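Chain letters run A, B, ... following the sequence lines, proteins first, then strands; residues in each count from 1. Since we're looking at a predicted model, the values are computed, not measured.
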Amino acid sequence: MSLKCLRTHYTNEINTDEDDGKEITMAGWVHEVRDLGGICFVVLRDREGLAQITLVKKRTEPAVLDIARHLPRESIVSIKGNVKVEPKAPGGYEIIPVKICVLNEAETPLPMDTTGKVDAELDTRLDSRYIDLRREENLAIFKIRSEVEKAIRMFFYENGFMETTTPKIVAAATEGGTDLFPITYFNREAFLNQSPQLFKQILMSAGLDRIFEIGPIFRAEEHDTRRHLNEATSVDIEMSFADHEDVMEVLENMIHYIYLHVDENCKDSLKALEIELKIPTLPFKKYTYDEVIEILNNTGELEEQLVWGDDLDTHSEHVLGQYVLETTGEDHYFITDWPTETKPFYAMPYRNKPEISKSFDMMHTKMELSSGAQRCHIYDVLLKQLDAKGLDAENFEFYLKPFRYGIPPHGGFGVGLERLIMTMLNLQNIREAVIFPRDRKRLSP
RNA sequence: GCCCAUGUAGUGUAGAGGCCUAUCAUGGAGCCCUGUCGAGGCUCCGACCCGGGUUCAAAUCCCGGCGUGGGCGCCA
């Protein structure tokens, strides 16, 4: 027997104009049971919403009524019945049940409330994600995240990019800058990769021309903040015969495309989250690093003046974000032309001004979302830059060799997907943007 | 890693030395009730993170541990 007979319709698939009187079967979770004595309402919930099952005492078989009245909340049921158009019912229809099949009874008490009557702390929610996602507004985040990833793929396929997958287990601590998780690989030491960077570039030498990847990255930093994860998702691209200006254009177009797609395709989820999307305006405003330093030093909001060569700390990022928002009304903007020494070795220095590089960060008012650059494709310069960062070229042999046998000028970026979701949906904690987040303290579930 | 805050029923909270046999909501069990509401009414059930200390007396004050939240650093 196929399980198809357990569900003919999702709760949002009833058409009140056509389906009145029709026999249907719905399956899902018992959201609520309200027994008023002579009449009893069971609210059934599935992924798409709620449906009211109405049992009138006088007209319902006692056995069915008895089952309904004693259903523990969140039990799994399949209910066969007839659709009755009823303006009083939420959704405009109710189901008059013929048969209630209890597929799995839930224990009580539940680890947390599913109806929105009682709040739960994030930690409690994450411990019981399977319950947490039964709440519409929490599931909505992941319905949107799914659409964001779909939009990213659509955008890149439409723009001539190939999707790739690169290894997450690597031999060497690649770029420097961040701590890596060491692992045992058979009897050798290995690491979880911090970024697909080096592999993306090798693929430019291979001639793949334009690639993108959506995949996990691992950072062993012991930071513990609302905007950091130890396992995150990176949207990475690399494109050949392109400079940093070309790359920034792709990035802003991608962000714009995603916002439009979500705005168009996630109306219910946005409503559940009470979010009105603010579509960013193209092109994004660009500030050079030099301009940023000057702007920040003129705000009078820094305790200490910045000097050329400083990286921006958290406070500076916030002050700058506010400044940009107030002067342009936009959340998204670029900071370009960073000092070469603040950027990784693979960033391309300007030929006539090697102390600055063809690199950029793409910022949101609240935090950095992306960084990218035109890459250095000149073997000798690359060696020099590795050396300047104190990195040993021998460890990068697998990466460097392709640069000797024909690699086009190229560039790319990486975007933190969770940060994108977080800023888009105004989430207060980045963990809300991951179903099962990994942070300094959390390794389960 | 540093700093600050915090830990009370399944969940979310009140309590700030004795009014604590610990508040309220939600939830669970039971009873009453025929229409949309977070339905309502009544009865009952269920908790002070752990270990020391101060005190006649500790949920409450102190110390340590652990957990959690936030900020910073670092990082994306």
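Taking each heavy atom of Pro349(A) and Thr340(A) in turn, the nearest pair found is CB-OG1, 4.2 Å. Of all heavy-atom pairs spanning Asp310(A) and Tyr289(A), the tightest one is O-OH, 2.6 Å.
Contacts of Leu229(A) with the nucleic acid, taken as non-hydrogen atoms under 4.0 Å apart, include base atoms. Using a 4.0 Å heavy-atom cutoff across all strands shown, Pro111(A) reaches sugar-phosphate atoms only and no base atom. Contacts of Gln428(A) with the nucleic acid, taken as non-hydrogen atoms under 4.0 Å apart, are absent. Among the protein residues, Glu418(A) comes within range of no part of the nucleic acid, since none of its heavy atoms lies under 4.0 Å from any strand. When heavy atoms are screened at a 4.0 angstrom cut-off, Thr225(A) is found touching base atoms of the nucleic acid. Within 4.0 Å (heavy atoms only), Arg440(A) reaches sugar-phosphate atoms of the nucleic acid but no base atom. Contact annotation for Asp313(A): backbone-only contact, meaning every heavy-atom pair under 4.0 Å involves sugar-phosphate atoms and none involves a base. Note on Arg227(A): a base of the nucleic acid sits closer than 4.0 angstrom, heavy atoms only.
The residues Asp224(A) and Arg431(A) are annotated as salt-bridged, a charged nitrogen and a carboxylate oxygen being separated by less than 4.0 angstrom. Under a 4.0 Å N-O distance rule, the pair Glu74(A)/Arg45(A) qualifies as a salt bridge. With respect to Asp236(A) and Lys200(A), a salt bridge is recorded, a charged nitrogen being found less than 4.0 Å from a carboxylate O.
For Thr108(A), taking side-chain heavy atoms from C-beta onward, the closest of the listed nucleotides G28(B), G69(B), G35(B) is G28(B). Checking C74(B), G69(B), G12(B) against the side-chain heavy atoms of Lys441(A) singles out G69(B) as nearest. When distances run from any side-chain atom of Ile39(A) to the nucleotides A25(B), C74(B), U34(B), the shortest one goes to U34(B). You'll find that the side chain of Val118(A) is closest to U11(B), out of A76(B), U11(B), G27(B). Closest contact between the side chain of Arg419(A) and the listed nucleotides G35(B), G12(B), C75(B) involves C75(B). Comparing A76(B), G35(B), G12(B) by their closest approach to the side chain of Asp119(A) singles out G12(B). For Glu32(A), whose side chain is taken as the heavy atoms from C-beta onward, the closest listed nucleotide among G35(B), A39(B), A76(B) is A39(B). Comparing atom distances between the Arg226(A) side chain and each of G12(B), G71(B), G35(B) picks out G71(B) as nearest.
For A76(B), neither phosphate oxygen OP1 nor OP2 lies less than 4.0 angstrom from any side-chain nitrogen or oxygen of Ser234(A). The phosphate of G73(B) has OP1 or OP2 within less than 4.0 Å of a side-chain N or O from Thr314(A). Phosphate contact (OP1/OP2 of G69(B), side-chain N/O of Arg431(A), threshold under 4.0 Å): absent. One finds no side-chain N or O of Lys57(A) lying less than 4.0 angstrom from the OP1 or OP2 phosphate oxygen of G35(B). Between Asn429(A) and G70(B) there is a side-chain N or O to OP1 or OP2 distance below 4.0 Å. Remark: Arg34(A) is in phosphate contact with A39(B), judged by side-chain N or O atoms under 4.0 Å from OP1 or OP2.
Between Lys117(A) atom NZ and C24(B) atom C1' the separation is 16 Å, expressed in whole Å. Straight-line distance from the CG atom of Asp35(A) to the P atom of C42(B): 18 Å, rounded to whole Å. Taking atom CD on Glu317(A) and atom C1' on G73(B), their separation rounds to 13 Å, with Å as the unit.
For C49(B) and A9(B), the C1' atoms lie 14 Å apart once the distance is rounded to whole Å. Nucleotides C75(B) and C61(B) have their P atoms positioned 40 Å apart, rounded to a whole Å. Taking atom C1' on both C48(B) and G17(B), the two are 15 Å apart, rounded to the nearest angstrom.
With hydrogens and angles ignored, a donor-acceptor pair closer than 3.5 Å exists between the side chain of Lys58(A) and the base of U34(B). The base of C75(B) has none of its N or O atoms less than 3.5 Å from a complementary donor or acceptor on the side chain of His223(A). For a distance-only test at 3.5 Å, the side chain of Glu221(A) fails to qualify as a donor-acceptor partner of the base of G1(B).
Using cut-offs of 30° and 60° for the angle between ring planes, the Tyr399(A) and Phe396(A) rings count as perpendicular.
Ser316(A) and Asp313(A) are linked by a side-chain donor-acceptor pair at a separation below 3.5 angstrom, with hydrogens and angles left out of the test.
Searching all strands for a Watson-Crick or G-U wobble partner of U68(B) with both distances below 3.5 Å returns A5(B).
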